[in-house]
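Read the numbers this way: they start at 1 and go in the same order the structure lists the ligands and their atoms.
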Amino acid sequence: TRSTRPQRMLKAVQKNAIRGNPESVISAIDYFCKHSEWAMNVGDEKGCILDSVVTEVDPSTVLELGTYCGYSTVRIARLLSPGTKFITVEFNPASAEVARKIIAYAGLQDKVTLVEGASGDLIPQIKKLYGITTFDFIFLDHWKDRYLPDIKLFEEYGLLRKGSVLLADNVICPGTPEYLEYVRNSPRYESRYYPSHLEYTKVEDGLEKSLFLG
Ligand SMILES: Nc1ncnc2c1ncn2CCCCCNC(=O)c1cc(-c2ccc(F)cc2)cc(O)c1O
Ligand SMILES: [Mg+2]
C-alpha cells in the first residue's frame, strides 16, 4: 500500500541526516518540506522563535501537545539541560510511530517521553502518571479547537505556576480565535504575539507567548 507522508519524511531523514545529529535532522525535514512535500511541522522560521523562547525559559519541565513527526520535539529537546522532564503527546498512532523513530535518529530518545493519547484525556492524569507538579514551558500545536479547553484544564489541575510560559502555534493560520481572545483578555496572563509565516509558505501566521501570572 502507498506510504504516508510521515513515512516519506522519515525516509528522507534516514537518507539525508546524520544519526545522532539533531541539527541535520531538522535540516533534512525542512529540505523535504520545501522541495518534496509540504507538511505541518512548525518549520524553520517559527522554529527559530520557538528556539529563542525555550532558551530564554530554560525549563525543567516541558509539555508539547501535538508531536506529529517530532520536528518541534527535536528542536526543543536539543536545547534542554540534562535532567529536564519533557513530555510530548500525540493522538495519531501512525504519527507517533514516525516521531519515535525521528526522535531516536536524532539521538534524543532519552530526553523525551512520547505519550499516545488525546490531550483532554491525558492532562488530568499527568501529575499522577508522570510525577509532574507544574510545567515551566508548554508548546501547543495540536487540534486548534483544543487550545482553549486545554489551557483551562491546565488551570483546573494546577499544572501552571507563576511564570509558566505557554507558546501556541498557528494562532493566525489555521487560527485559534477563542484561545487568543482568552489569553489576551484574561488578567491571569501576559501575552505577546510573534509574527511569522505558515511553515514553508508566505502565508501570515505567528506564535502567541503567554506568561501565567498566578
Ligand atoms: N495530543 C493531542 N490531543 C488532541 N489532538 C491531537 C493531539 N495530537 C495530535 N492531535 C491531532 C491534531 C493534529 C494536527 C494539529 N496541527 C494542525 O492541524 C496544523 C495544521 C496546519 C495547516 C495550516 C494550513 C493548511 F492549509 C493546512 C494545515 C498547520 C500547522 O502548523 C498545524 O499544527
Ligand atoms: Mg502547527
Minimum non-hydrogen distance to atom 24 (C) of ligand 1, winning option of L140, T201, L198, D145: L198
Under 4.0 Å from a heavy atom of [X]: which atoms of ligand 1 are those, numbered in the order shown and with their elements?
X: G117; value: 1 (N), 2 (C)
X: V89; value: 1 (N), 8 (N)
X: D141; value: 15 (C), 16 (N), 33 (O)

At what distance is the nearest protein heavy atom to [atom], and which residue and atom is it?
atom: atom 18 (O) of ligand 1; value: K144 CE, 3.8 Å
atom: atom 5 (N) of ligand 1; value: W143 CE3, 3.0 Å
atom: atom 9 (C) of ligand 1; value: E90 OE2, 3.3 Å
atom: atom 3 (N) of ligand 1; value: S119 N, 2.9 Å
atom: atom 14 (C) of ligand 1; value: M40 CE, 3.5 Å
atom: atom 7 (C) of ligand 1; value: F91 CB, 3.4 Å

May I ask you to identify, for [X], whether its side chain, its backbone, both or neither come under 4.0 Å of ligand 1 on a heavy-atom basis?
X: V42; answer: neither
X: R146; answer: neither
X: D169; answer: side chain

Exercise check, heavy-atom protein proximity under 4.0 Å to atom 26 (F) of ligand 1: no
Atom 30 (C) of ligand 1 protein-contacted (non-hydrogen atom, under 4.0 angstrom): yes
Euclidean distance, [Y] [atom2] relative to [X] [atom1], rounded to 0.5 Å:
X: I102; Y: T73; atom1: CD1; atom2: OG1; value: 9.5 Å
X: Q125; Y: L122; atom1: CD; atom2: CG; value: 6.0 Å
X: S191; Y: Y179; atom1: OG; atom2: OH; value: 6.5 Å

Polar protein atoms (N, O or S) that approach the Mg ion (ligand 2) to under 2.8 Å: D141 OD1, D169 OD2, N170 OD1
Take atom [atom1] in [X]; do more than 12 heavy atoms of anything else shown fall under 6.0 Å from it?
X: R192; atom1: CZ; answer: no
X: K162; atom1: NZ; answer: no
X: F91; atom1: CZ; answer: no
X: Y31; atom1: OH; answer: no

Short question: side chain of [X], backbone of [Y] - any donor-acceptor pair under 3.5 Å?
X: E90; Y: T67; answer: yes
X: W38; Y: E199; answer: yes
X: Y193; Y: L207; answer: no
X: D136; Y: S164; answer: no
X: T84; Y: L80; answer: no
X: K34; Y: I29; answer: no

Smallest separation among heavy atoms of D169 and D141, with atom names: OD2-OD1, 3.0 Å
Heteroatom distance test ([X], ligand 1): nitrogen or oxygen, under 3.5 angstrom:
X: N41; result: no
X: W38; result: no
X: A118; result: no
X: N170; result: yes

[X]: heavy atom below 4.0 Å from ligand 1, yes or no?
X: L65; result: no
X: N92; result: no
X: G43; result: no
X: E199; result: yes

No-hydrogen, no-angle side-chain donor-acceptor test under 3.5 Å, Y147 and K144: yes
Side-chain donor-acceptor contacts of residues 13-25 below 3.5 Å, not counting sequence neighbours, with atom names and distances?
unit_1: N16; atom_1: ND2; unit_2: A12; atom_2: O; d: 3.1
unit_1: N21; atom_1: OD1; unit_2: E23; atom_2: N; d: 3.1
unit_1: N21; atom_1: OD1; unit_2: S24; atom_2: N; d: 2.8
unit_1: E23; atom_1: OE2; unit_2: R78; atom_2: NE; d: 2.6
unit_1: S24; atom_1: OG; unit_2: I18; atom_2: N; d: 2.9
unit_1: S24; atom_1: OG; unit_2: I18; atom_2: O; d: 3.3
unit_1: S24; atom_1: OG; unit_2: N21; atom_2: O; d: 2.7

Pair R100 + E116: basic N to acidic O under 4.0 Å: yes
